[in-house]
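Some notes on the structure that comes next.
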There are 2 protein chains.
Amino acid sequence: MSSNFGGSPARERLPANYLTILAAIRDIAPGTHLTAQDVFARARRQRPKLGFATVHRGLARLSELGYVIKVDVPGAACAVYEQTAEPHAHFRCSSCGSIRDIAFSLPPELLVGLARQHDLQIEVESTTFTGRCASCR
Amino acid sequence: MSSNFGGSPARERLPANYLTILAAIRDIAPGTHLTAQDVFARARRQRPKLGFATVHRGLARLSELGYVIKVDVPGAACAVYEQTAEPHAHFRCSSCGSIRDIAFSLPPELLVGLARQHDLQIEVESTTFTGRCASCR
DNA sequence: ATGAAAATGAGATTCATTCTCACTTTCAAC
DNA sequence: GTTGAAAGTGAGAATGAATCTCATTTTCAT
């Protein structure tokens with residue numbers, strides 16, 4: 001899911017492992033996208049006994065709570081995770097597979113209109129562009 | 001990929017199997033979304049010996065050529081396919097998993113602007129909304 | 001200290017998708 | 001019509017991300 005406009009993360013006690021997982025994502029440059037494997041490798045440096053399933057569980061929970069964002073990009077082999085940031089879209093290069101953020105978001109009033117028009121409750125909006133990046137052209 | 005604004009399908013000789021696969025998708029109500037399994041089941045009624053790998057190959061090719069659209073919806077277990085239609089977005093209900101079309105598309109000039117601004121070549125744009133549908137509320 | 005609930009790690013499992021490969025079909029050139 | 005190279009095919013194996021299971025460990029209010 002790309003943008004979460006449900007508000008700020010709920011304050012809730014998190015298991016130590018989840019904090020380690022969260023740190024693994026927060027301790028990188030904004031705009032970086034990590035796969036679950038990446039997060040696993042990074043978090044394991046802090047907690048060598050950490051299991052992969054726990055990373056997935058933790059990422060799912062952290063994503064639910066709004067601490068991180070799970071990004072499902074069409075065409076990509078697996079999901080990537082990023083730290084919470086301003087709403088934005090994603091671009092995926094079909095040639096090299098790289099993913100980068102694009103400052104962009106749909107106007108909230110548009111979402112409200114669509115939701116009303118179709119009788120839906122829209123919680124998450126995700127926009128993805130695919131094409132070729134500068135270096136692959 | 002949700003919208004393809006690269007033009008109309010190229011005229012090219014397609015293997016008979018691919019035509020069967022295409023027919024399986026075209027012979028349903030617009031707005032219906034079929035998984036590869038669904039397409040397989042339907043196409044197999046016409047060609048019982050058809051293999052599953054061939055369906056995947058065919059869908060990939062047909063999608064490349066613009067005859068069908070592959071829809072990768074965040075959160076869904078697998079991709080779905082639909083017939084080519086007016087550009088539109090997708091809504092996925094997080095509760096029942098149903099997917100429906102939403103008449104919506106980004107203004108082309110916006111895409112051109114983003115492409116120029118970020119030095120990208122944008123070929124496909126995909127917008128997905130997630131939330132709860134009317135019957136799940 | 002204690003016990004119920006939550007969290008954990010390891011490995012098995014699931015399942016969509018892709019790969020492999022021997023075989024078959026297609027079709028243009030002769 | 002024959003031929004041969006290229007393309008397509010089906011079956012099953014392989015891949016790999018994500019989820020599930022379960023016995024064990026940790027947490028924490030009491």
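So you know, we letter chains A, B, ... as the sequences are listed, proteins then strands, and number each from 1.
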Practice problem: Using the side-chain hydrogen bond (donor to acceptor under 3.5 Å, both in side chains) rule, collect all pairs that involve residues 37-52 of chain B, keeping only residues at least two apart or in two chains. | Solution: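 Those involving residues 37-52 of chain B are B:Asn17-B:Arg47, B:Thr20-B:Arg47, B:Thr35-B:Asp38.
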Quiz prompt | Phosphate contact (D:dG8 OP1 or OP2) by B:Tyr18 side-chain N/O below 4.0 Å | solution =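 No, B:Tyr18 has no side-chain N/O under 4.0 Å of OP1/OP2 on D:dG8.
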Self-check item: Base-contact (B) and sugar-phosphate-only (S) positions in nucleotides 24-30 of chain D, heavy-atom cut-off under 4.0 Å, - elsewhere
Solution: ----S--
Exercise. Using a 4.0 Å cut-off on protein heavy atoms (strictly under), produce a 5'-to-3' string for nucleotides 10-23 of chain D with B for base contact, S for backbone-only sugar-phosphate contact, and - for none.
Key: BBB----SBBBB--
Measure [atom1]/[X] against [atom2]/[N] and give the value in whole Å, please.
{"X": "B:Leu59", "N": "C:dT18", "atom1": "CG", "atom2": "C1'", "result": "14 Å"}
{"X": "A:Phe40", "N": "C:dG11", "atom1": "CZ", "atom2": "P", "result": "11 Å"}
{"X": "B:Leu14", "N": "C:dT26", "atom1": "CG", "atom2": "C1'", "result": "14 Å"}

Exercise. Could you point out which residue of B:Thr127, B:Val73, B:Thr130, B:Ile102 forms a side-chain contact (heavy atoms from CB on, under 4.5 Å) with B:Phe91?
Key: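 With B:Phe91 as partner, B:Thr127, B:Val73, B:Thr130, B:Ile102 yield a single side-chain contact (heavy atoms from CB on, under 4.5 Å), made by B:Ile102.
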Exercise. Apply ring pair (Phe, Tyr, Trp, His ring centres under 6.0 Å) to B:Phe129 and list each qualifying residue two or more places apart in sequence or on a separate chain.
Key: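 For B:Phe129, the residues satisfying ring pair (Phe, Tyr, Trp, His ring centres under 6.0 Å) (neighbours in sequence not counted) are B:Phe104.
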Exercise. Quick one: list whatever passes ring pair (Phe, Tyr, Trp, His ring centres under 6.0 Å) with B:His118, sequence neighbours left out.
Key: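 Applying ring pair (Phe, Tyr, Trp, His ring centres under 6.0 Å) to B:His118 gives none.
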Practice problem: For residues 96-107 of chain A, pull every pair meeting salt bridge (Lys or Arg N to Asp or Glu O under 4.0 Å), keeping only residues two or more places apart or in separate chains. | Solution: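 Every candidate salt bridge (Lys or Arg N to Asp or Glu O under 4.0 Å) pair involving residues 96-107 of chain A fails, so no pair, neighbours aside, qualifies.
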Quiz prompt | Any pair counted as salt bridge (Lys or Arg N to Asp or Glu O under 4.0 Å), so long as it reaches residues 103-116 of chain A, sequence neighbours left out | solution =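 Sorted pair list comes back empty.
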Quiz prompt | With sequence neighbours excluded, residues passing side-chain contact (heavy atoms from CB on, under 4.5 Å) with B:Pro48 | solution =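 side-chain contact (heavy atoms from CB on, under 4.5 Å) check on B:Pro48 returns nothing, list empty.
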Quiz item: What residues form a side-chain contact (heavy atoms from CB on, under 4.5 Å) with A:Gln117, not counting sequence neighbours?
Solution: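 By the side-chain contact (heavy atoms from CB on, under 4.5 Å) rule, A:Gln117 matches A:Leu114.
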Exercise. Tell me, please, which residues at least two apart from A:Arg137 pass salt bridge (Lys or Arg N to Asp or Glu O under 4.0 Å).
Key: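 A:Arg137 satisfies salt bridge (Lys or Arg N to Asp or Glu O under 4.0 Å) with B:Asp119 once adjacent residues are dropped.
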Exercise. Return each pair, listed once, that meets ring pair (Phe, Tyr, Trp, His ring centres under 6.0 Å) where at least one residue sits in residues 19-40 of chain A; pairs must be two or more places apart or across chains.
Key: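 Output for this query lists A:His33-A:His90, A:Phe40-A:Phe52.
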Quiz item: For DNA chain D, what dot-bracket results from Watson-Crick or G-U pairs at under 3.5 Å, with [ ] for crossers and | for inter-strand partners?
Solution: ||||||||||||||||||||||||||||||
